[in-house]
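Read the structure below first, then the notes.
Letters A, B, ... are given to chains in the order of the sequence lines, protein chains preceding strands, and every chain is numbered from 1.
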Amino acid sequence: MNSVRARAERISAWLERSDVDVVAVQETKCRDDQFPAEVFTGLGYEVAHHGLSQWNGVAIASRVGLEDVQIGFPEQPGWGEPAAAEARAIGATCGGVRIWSLYVPNGRDVEDQHYLYKLQWLDRLRAAGASWLAEDPGAQIALCGDWNVAPQDDDVWDMAEFEGKTHVTKPERDAFQAVVDTGFADVVRPYAPGPGTYTFWDYKGLSFPKRKGMRIDFVLASPALAARVGDARIDREERKGKGASDHAPVIVDFG
DNA sequence: ATGGTCGTAAAACGA
């Protein structure tokens, strides 16, 4: 969302009209002591946030219960010197569904160490997901968030513009697909097919009005949860107007 | 035009 504090009023308005039970947000850009919980609690949501600095930051808000909050996933890789886990993952059980709010590292550049960090992060997430399903094949798990990967060519406005860039490389796409192959399905794409269907538009260069977007935000659902999906959509309208995030909300109806 | 737009935090840095 690129700052929860800068977008407090838009978030409130969106929650009021969207009528969602659970919301997973990424890039709150604040520490826990700076987090404006009242944006969510004021509308009847419980909320759990994990933020360590002005970077990253993830949260889950729910009005159907919020239990067993977990900061980070097992074996989540760290960043920096010395390597430390960043505020990129938070899990909670809401109405019987295990929700994960995930902010996959950007990768920055294919030559950057951050790119290797991104690939390792995705691989460790895959391993964690596989272990959860091995433990309980009937588990209802939703892996929600900014994956910073455009899995298909149609998920960017022009592949030629992404020559040699992150988000579309084979290793990134393979790492994303490995999570899918573990049993987590993209439950939105069937209801919001491409081409030209995106979840993110850069602030720079009037990319939104020019329809130069990327589909990089996904809800991946375990088999038991995917079976419940009745509808899904990308709320492109929320990208419009003053003070919009550069990402649009992705909404799934689990019946 | 080696930028372009944001947010954080107070100069760059990250996206």
Side-chain angles (χ1 to χ4, degrees), chain A residues 1-14 24-37 39 49-59 76-81 83-90 101-122 125 144-151 155-158 160-169 172 175-176 198-218 234-250:
Chain A
M1 56 174 42
N2 191 22
S3 174
V4 66
R5 290 176 290 172
R7 258 163 268 298
E9 287 190 20
R10 279 195 70 129
I11 293 165
S12 294
W14 184 83
V25 299
Q26 301 82 38
E27 209 181 6
T28 59
K29 297 184 82 166
C30 67
R31 300 183 306 267
D32 289 347
D33 64 283
Q34 299 170 309
F35 182 74
V39 170
H49 174 256
H50 175 46
L52 298 170
S53 69
Q54 72 269 47
W55 309 123
N56 314 308
V58 284
Q76 181 183 321
W79 175 251
E81 194 56 53
E86 297 183 300
R88 293 181 178 275
I90 187 170
S101 178
L102 304 164
Y103 183 34
V104 176
N106 174 285
R108 298 178 185 169
D109 186 281
V110 293
E111 305 295 333
D112 198 301
Q113 288 273 15
H114 209 259
Y115 177 73
L116 299 175
Y117 170 49
K118 176 182 195 174
L119 294 176
Q120 185 184 40
W121 207 96
L122 284 165
L125 176 62
C144 315
D146 176 0
W147 292 74
N148 270 318
V149 178
D155 296 336
V156 297
W157 76 92
D158 181 4
E161 297 258 6
F162 284 82
E163 184 80 39
K165 302 263 183 68
T166 61
H167 293 60
V168 301
T169 67
E172 288 165 280
F176 180 89
Y198 309 125
T199 66
F200 166 87
W201 297 260
D202 199 290
Y203 287 124
K204 290 180 279 193
L206 299 173
S207 59
F208 183 66
K210 290 178 178 173
R211 300 186 177 271
K212 293 184 172 183
M214 305 169 74
R215 188 201 293 253
I216 56 175
D217 300 272
F218 298 94
I234 297 162
D235 188 359
R236 188 180 179 281
E237 292 299 305
E238 185 58 21
R239 181 62 180 79
K240 297 179 179 177
K242 187 174 167 60
S245 166
D246 41 4
H247 293 257
V250 178

Self-check item: Pairing residues for A:Y203 by the ring-ring contact (aromatic ring centres under 6.0 Å, His included) criterion, not counting sequence neighbours
Solution: none
Exercise. Applying ring-ring contact (aromatic ring centres under 6.0 Å, His included), name anything that partners A:F176, two or more places apart in sequence or on another chain.
Key: A:W147, A:F218
Self-check item: Length of the line joining A:F208:CZ and B:dT5:P, which is rounded to integer Å
Solution: 17 Å
Practice problem: Considering only atom P, compute the distance from B:dA12 to B:dG3 and round it to an integer number of Å. | Solution: 14 Å
Quiz prompt | Whole-Å P distance, B:dG14 and B:dA9 | solution = 15 Å
Practice problem: For A:Q26, enumerate each residue passing the side chain to side chain donor-acceptor pair (under 3.5 Å) test, keeping only those at least two apart in sequence or located in another chain. | Solution: A:S101
Name each donor-acceptor pair under 3.5 Å that joins a side chain in residues 51-59 of chain A to protein atoms two or more places apart or in another chain, with its distance.
| unit_1 | atom_1 | unit_2 | atom_2 | d |
| --- | --- | --- | --- | --- |
| A:S53 | OG | A:W55 | N | 3.0 |
| A:N56 | OD1 | A:R88 | NH2 | 3.1 |

Quiz item: Can you name the ring-ring contact (aromatic ring centres under 6.0 Å, His included) partners of A:H49, sequence neighbours left out?
Solution: A:F35
Quiz item: Knowing that exactly one of A:N106, A:T166, A:T169, A:D109 qualifies, which makes a side-chain hydrogen bond (donor to acceptor under 3.5 Å, both in side chains) with A:Y115?
Solution: A:T169
Quiz item: If the sugar-phosphate is the primed atoms plus P, OP1 and OP2 and the base is the rest, what is the B/S/- string for nucleotides 9-15 of chain B, using protein heavy atoms under 4.0 Å?
Solution: S---BBS
Quiz item: Mind checking the C1' distance from B:dA15 to B:dG4? Whole angstroms is fine.
Solution: 14 Å
